[in-house]
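So the structure is just underneath, and the comments pick up after that.
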Amino acid sequence: MAIAPERSPQRDEVARRRTFAIISHPDAGKTTLTEKLLLYAGAIHIAGSVKGRKATRHATSDWMEIEKQRGISVASSVMQMEYRGHVINLLDTPGHQDFSEDTYRVLTAVDAALMVIDAANGVEAQTMRLLEVCRARKTPIITFINKLDREVRDPLDIVDEIERVLGVPTVPMTWPVGMGKVFRGVFDLQRLRMRVFRAGDDRIRGHDESLEGLDNAEATARFGDEIQRARGEIDLVQTAGASFDREAFLGGQQTPVFFGSAINNLGVREVLDALVDLAPPPGPRTALQRVVRPDERSFTGVVFKIQANMDPAHRDRIAFVRVCSGYFERGMKLKVSRNGKEMRASNVVSFLSQRRDLLDEAWPGDIIGLPNHGLLQLGDTLTEGEALQFTGLPFFAPEIFRTVELADPLRGKQLRAALAQLGEEGAIQVFRPASGGQILLGAIGTLQFDVVAHRLEHEYGVRARIGNAPYQAARWVSAEDPRVLRRFLDENAHRIVYDAVDAPAFLATYRTDLYVAQERWRDIVFHPMREHAGLAAHQRAA
């Protein structure tokens with residue numbers, strides 16, 4: 001393992017990277033904030049609309065046709081931009097809980113998270129689930145409380161709820177002056193100035209009005225009761241609250257809090273500055289064999305997402321790779337640790353959501369796209385030759401199952417090919433019965449099946465009917481003794497299915513079936529989660 005010199009281009013490039021995901025409950029304004037961050041960083045010049053099906057513009061991060069129609073995010077997207085001399089890799093995630101598995105995998109590829117909370121609704125269910133994932137990985141979290149231009153809850157109540165429900169101490173970095181019809185702006189507690197609110201649009205104006213000092217006489221004259229109340233609240237949070245502790249923040253034990261209105265461009269610049277000033281650069285990442293440092297000379301990367309048909313005209317499949325160490329340059333040879341196969345990375349791309357540009361080089365923290373035709377799987381580790389396997393990429397056992405029936409029986413080959421690609425993405429799980437029969441789909445939420453049906457028809461030209469399946473649970477199975485596993489698979493062939501990477505799973509019609517199987521087969525391990533393809537392939541080989 002070679003470490004780069006104390007001062008080197010690689011260390012400098014690593015130091016200026018910031019890679020983060022935006023997470024939230026649905027409708028908290030996550031996609032709007034994503035657009036405005038791109039706008040302030042200069043990556044786009046006009047923000048897309050995320051409202052209404054007949055909008056002439058759509059959010060940059062919502063590139064799927066179904067996202068444009070429904071005004072929701074159903075797939076994570078990647079956007080790279082530069083701001084204040086830093087390279088920012090922004091990963092927008094689906095807010096809807098039905099697509100949480102995609103979000104969980106994205107969170108394994110980032111160094112920080114930006115949590116968006118609706119000021120009217122406070123902490124919501126999906127926020128709690130996502131925070132648990134971040135806490136388990138000790139991911140630093142920056143919080144943005146959105147929609148202060150509406151009649152919302154008292155900011156002190158929201159801050160208290162974050163601490164009480166999520167269990168994370170807060171440190172307000174900005175504070176709102178008024179709300180709704182009397183929303184006057186936000187006060188920057190670090191720079192001691194107030195940014196004055198005015199209704200925004202989809203472009204950045206040349207000048208934002210600011211008033212210096214907490215006791216500014218002009219602010220008092222103009223905003224009266226609202227500024228006086230804000231001063232009292234600021235005094236309370238600064239007296240009773242904790243000071244910002246960088247180590248606690250980096251350990252996921254404290255969150256800096258910002259207020260604003262993303263749709264009106266207020267508070268966005270402060271969040272962007274915080275990502276540069278507070279969020280960490282790429283750090284070490286754990287593999288089964290050892291810990292990999294970003295400043296090592298040799299390239300390593302991990303596939304955390306696969307997306308089919310980003311360009312429907314070419315039926316492409318893009319593997320999203322987080323660069324973990326070393327230096328990447330176009331044309332270099334890479335080895336897939338899972339099977340030892342080599343590939344030459346010639347047509348590598350960077351992202352602004354669906355828009356792709358050929359890239360010549362990349363550094364740790366960057367997200368690169370590798371077009372491939374099934375060679376790469378979720379969880380694959382890429383190196384320059386070393387046998388490594390990065391850990392932590394989750395696949396959760398589905399809770400809902402459906403059958404797929406063709407409207408046109410002559411399109412069976414197209415259906416199998418389409419489902420194979422969608423299964424490789426991991427957004428839906430595709431199971432092939434060991435004893436023959438209909439292909440099964442497994443998912444966390446029912447909306448995933450609607451998306452699959454839509455994509456089958458519009459991306460693959462296959463109309464399919466999604467029907468009910470009589471199963472309530474699935475568990476991947478393994479055993480230390482391959483002979484025991486083989487006997488279990490043979491004796492339960494009517495309940496055994498294989499997933500996209502040929503990992504065997506046991507299906508239960510009722511929960512009691514699962515309990516009975518676990519009692520009867522004590523040497524079989526029933527897994528509610530599968531981490532990476534390598535383990536699955538090993539079990540299948542057995």
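Residues take their numbers from the sequence shown, with the count starting at 1.
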Considering only NZ, NE, NH1 and NH2 on the basic side and carboxylate oxygens on the acidic side, decide whether D154 and R229 come within less than 4.0 Å. yes
Is there a donor-acceptor contact under 3.5 Å from the side chain of H86 to the main chain of R84? yes
Of the non-hydrogen atoms in A443 and Q448, which two are nearest, and what is the gap between them? CB-OE1, 3.2 Å
Once salt bridge (charged side-chain N to carboxylate O under 4.0 Å, His left out) is applied, do any residues pair with E247, and if so which ones, sequence neighbours excluded? none
Find the distance between CG (L156) and CG (L236) and round it off to the nearest 0.5 Å. 6.0 Å
Please name all residues satisfying side-chain contact (heavy atoms from CB on, under 4.5 Å) with A119, sequence neighbours left out, ordered by chain then number. I145, L148, V152, I158
Carboxylate-amine/guanidinium contact E209 R222, below 4.0 Å: yes
Quick one: salt bridge (Lys or Arg N to Asp or Glu O under 4.0 Å) pairs with a partner in residues 170-184, sequence neighbours left out? R184-E226
Any donor-acceptor pair under 3.5 Å linking the side chain of R193 with the backbone of Q190? no
With side chain to side chain contact (heavy atoms under 4.5 Å, CB included) as the criterion, how do T139 and L107 come out once you've worked through the C-alpha distance, each side chain's angles and the decisive distance to 0.1 Å? CA-CA 9 Å; T139 303; L107 287 172; 5.7 Å; no
Regarding R195 and D188, does a basic nitrogen lie under 4.0 Å from an acidic carboxylate oxygen? no
Plane angle bin for F506 and F526 - parallel if under 30°, tilted between 30 and 60°, otherwise perpendicular: perpendicular
Please work out whether the ring planes of F304 and F320 are parallel, tilted or perpendicular, with thresholds of 30° and 60°. perpendicular
Working to the nearest 0.5 angstrom, can you tell me the gap between I142 CD1 and L278 CG? 5.5 Å
Does any N or O in the side chain of R17 come within less than 3.5 Å of the main-chain N or O of P282, such that one atom is a donor and the other an acceptor? no
So which atom in L275 and which in F20 form the shortest heavy-atom distance, rounded to 0.1 Å? CD1-CZ, 3.4 Å
Would you mind listing every ring pair (Phe, Tyr, Trp, His ring centres under 6.0 Å) that reaches into residues 210-243, with sequence neighbours excluded? none
Look at the aromatic rings of Y104 and F396 and report parallel, tilted or perpendicular, splitting at 30° and 60°. perpendicular
Under the rule for salt bridge (charged side-chain N to carboxylate O under 4.0 Å, His left out), what residues qualify as partners of D513, not counting sequence neighbours? R495
For A262, is there any backbone N or O sitting under 3.5 Å from a side-chain donor or acceptor partner on N146? yes
Taking Q254 for the side chain and D245 for the main chain, is one N or O donor matched with an acceptor at less than 3.5 Å? yes
For residues T220 and R231, is any side-chain donor paired with an opposing acceptor at under 3.5 Å? yes
Measure from the side-chain N and O atoms of D366 to the backbone N and O of W363, and report whether any donor-acceptor pair falls under 3.5 Å. yes
With sequence neighbours left out, what residues match S325 under side-chain contact (heavy atoms from CB on, under 4.5 Å)? V292, E296, T300
With sequence neighbours left out, what residues match R322 under salt bridge (charged side-chain N to carboxylate O under 4.0 Å, His left out)? D111
Ring pair (Phe, Tyr, Trp, His ring centres under 6.0 Å) pairs touching residues 121-178, sequence neighbours excluded, are W175-F259
Hey, are Q80 and N89 close enough side-chain-wise for a donor-acceptor pair under 3.5 Å? yes
Specify whether F183 and F197 have parallel, tilted or perpendicular ring planes, treating 30° as the upper limit for parallel and 60° as the lower limit for perpendicular. tilted
With no hydrogens and no angle check, just 3.5 Å: does a side-chain donor-acceptor pair link Y40 and N265? no
Under the salt bridge (Lys or Arg N to Asp or Glu O under 4.0 Å) definition, can you give me all pairs with a residue in residues 157-172, not counting sequence neighbours? R153-E161, D160-R164
Go through the side-chain N and O atoms of T143 and T255 and say whether any donor and acceptor fall under 3.5 Å apart. yes
Test salt bridge (charged side-chain N to carboxylate O under 4.0 Å, His left out) applied to E82 - qualifying residues, sequence neighbours left out: R16
So, is the end of the R105 side chain (NZ or CZ) under 6.0 Å from the ring centre of F395 and within 45° of the ring's axis? yes
Rounded to the nearest 0.5 Å, how far apart are CZ of R285 and OG1 of T381? 10.5 Å
Can you name the side-chain contact (heavy atoms from CB on, under 4.5 Å) partners of E399, sequence neighbours left out? none
My understanding is that only residues two or more places apart in sequence, or in another chain, count here; which of them pass side-chain contact (heavy atoms from CB on, under 4.5 Å) with N216? L211, E218, A219
